[in-house]
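This report concerns only the one structure given below.
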There are 2 protein chains.
Amino acid sequence: MPPVADLIDIRQLRRSCASCGLQELCLPAGISGDDLARLDAAVRDKRVLERGRALYRAGDAFHSLFVVRSGALKTFVTDENATQQVIGFHLPGEIVGIDALASGRHASQAEALERTSICELPFAQLEHVTSEIPALQRQLLRVISREVVQEHEHLVTMGQQQAQVRLAIFLKSLADRYNTLHRDGNHLVLPMSRHDIASYLGLVVETVSRWFTRFEDAGILEVRRKAVTILRPDLLAQMCRPAESDSGSKKARHPAAN
Amino acid sequence: MPPVADLIDIRQLRRSCASCGLQELCLPAGISGDDLARLDAAVRDKRVLERGRALYRAGDAFHSLFVVRSGALKTFVTDENATQQVIGFHLPGEIVGIDALASGRHASQAEALERTSICELPFAQLEHVTSEIPALQRQLLRVISREVVQEHEHLVTMGQQQAQVRLAIFLKSLADRYNTLHRDGNHLVLPMSRHDIASYLGLVVETVSRWFTRFEDAGILEVRRKAVTILRPDLLAQMCRPAESDSGSKKARHPAAN
DNA sequence: CGGACTCTTGAATGTCGTCAATCCAAGTGG
DNA sequence: CCACTTGGATTGACGACATTCAAGAGTCCG
């Protein structure tokens, strides 16, 4: 993405929710007039994170929820060997930090994958505003619910043991998310490294790399490092289901009981 | 678990949140007096589900959130081949149905693994009460956050490719949850089938079965079908970290960048 | 006592992880 | 401007471990 356009975007969007292009997808959806102004007052000054900078780290005290305004984040946990496990990638309009609400401390780390602009929602003020505006309370829960749904889908993906299916689902879901953001879902510029993708999918880099190549050989993708073009969305969608070993579609991996 | 004790439990707990043994772990935590009574009024008559009965199915319209009072649930999604993929197991005090908030329809199915008692929270009424009681609003978000944290942990487990580690983490986390419920975490009676465990962990039944046996051979567990006793919690905890192939603990699977 | 079911066990196959070498793009310094 | 470095990405050969397939043991329910 051209950095110039990005900068313009940030400038245009800086002022308020009312003038934000994400309005329909974000917390303000369905909120208007006075209520919107009150929500706006609860949103603290927007921040910009350079690539690689952390928004919060595991163990940090919880003060705020955050919404991605532009750019992209990854969230991950780090084990004792400094091995990181990516939990999620977060695009504009998505909320992060919910996992800290239970304990009052962040359990994971959130980090910018590229230059990323963030809206901070100090929780105390957010609570205050939501208690006054029932529609906002509902909308907050909806946005949280969206995250839960996405994590369920991720979980289902990880349940898939075939690597090509995991990668296909990953690409497809990324494309879908690009589409809802009114971007071209067939021309992806992946902000994350192959390592991040591998970690997110429970695979190793080499496997991810190999399947990118095979998808390219099959004419499904064109891959040039971070730039991935989906040439055959239909075939990609087909790869999202597990390959059946034998013809009779009878034996499944976890057949439903009763 | 002796069914008699269970029945007594249900009877004792039936009336209200105020008299419920889960008070500290559930929505009412930190709520008292009048406010508690108002919450109580929003909780619809408790239901009991027999083993195998669905609380809701994928596609059902969303009306309520549900809290497990006693027993256990599994939630799962079913693909076109009727293959089910277990997303989570839910013990007393845990909330289900959040994923339906975003779209207004349930994306998954929730089913009783044993005789299970449920509190239904009709969403319209819950919203009303939470908007009047800020502490309850916060508590609702906390309980939801707990679920998100659990799903993150599940995700990290699935990121682990060694089957024995996945199973060990599963057992350990179940034991921990039993402990917070003031049950004996070292004497588990698994309400779910081996199939369910396998699906939850992204493995096949045979693999799960084999590792149960090997854990038993190693003196870590005593396994008699559903009854699992943890003989050596220390060794089990040790199994929760990936086995290092070579001595130098340097090379990890997804080494942290920078 | 038999039938259906879940669970367990065994042997063979194949996929993905491991290890190692190479390639490529971008950045640095002479 | 070019040699050199650095880090990520790719490719190949090999081996381990989980899945697959198949059969048997144990349990539940009629």
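Residue numbering restarts at 1 for every chain, and letters A, B, ... go by the order of the sequence lines.
A:R177 forms no cation-pi arrangement with A:F89, by the criterion of a distance under 6.0 Å to the ring centre and an angle within 45° of the ring axis. B:R166 forms no cation-pi arrangement with B:Y200, by the criterion of a distance under 6.0 Å to the ring centre and an angle within 45° of the ring axis.
B:E151 and A:H152 form a side-chain donor-acceptor contact under 3.5 Å, judged by distance and modelled atom types alone.
One finds no side-chain N or O of A:K226 lying less than 4.0 angstrom from the OP1 or OP2 phosphate oxygen of C:dA25.
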Close N or O pairs between protein and nucleotides 10-18 of chain D (under 3.5 Å):
| residue | atom | partner | partner atom | Å |
| --- | --- | --- | --- | --- |
| D:dT10 | OP1 | A:R194 | NH2 | 3.2 |
| D:dT10 | OP2 | A:R194 | NE | 2.8 |
| D:dT10 | OP2 | A:S209 | OG | 2.9 |
| D:dT10 | O5' | A:S209 | OG | 3.0 |
| D:dT11 | OP2 | A:T213 | OG1 | 2.4 |
| D:dG12 | N7 | A:R210 | NH1 | 2.9 |
| D:dG12 | O6 | A:R210 | NH2 | 3.3 |
| D:dA18 | OP1 | B:A163 | N | 3.0 |

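If you take CG of A:D196 and P of D:dG8, they are 10 Å apart, rounded to a whole angstrom. Going from atom CG of A:L167 over to atom P of C:dT15 covers 17 Å, rounded to whole Å. Distance CG (A:L190) to C1' (D:dG8): 14 Å, rounded to an integer number of Å. A straight line from CD of B:E216 to C1' of C:dT9 spans 14 Å, rounded to a whole angstrom. A straight line from CE of B:M192 to C1' of C:dT6 spans 15 Å, rounded to a whole angstrom.
Salt bridge present: A:R115 and A:E50 bring a charged side-chain N and a carboxylate O closer than 4.0 Å. The pair B:E111-B:R57 does not meet the salt-bridge criterion, since no charged nitrogen lies less than 4.0 angstrom from a carboxylate oxygen.
From B:Q164, atom CD reaches atom CG of B:L203 across 10.5 Å, with rounding to the nearest 0.5 Å. Residue A:L113 holds its CG atom at 6.0 Å from CG of A:D196, rounded to the nearest 0.5 Å.
In the helix from C:dC1-D:dG30 to C:dG30-D:dC1, the terminal helix axes, each the rotation mapping four pairs' C1' atoms onto the next four within five end pairs, subtend 40°, rounded to 10°.
Using cut-offs of 30° and 60° for the angle between ring planes, the A:F66 and A:H106 rings count as tilted.
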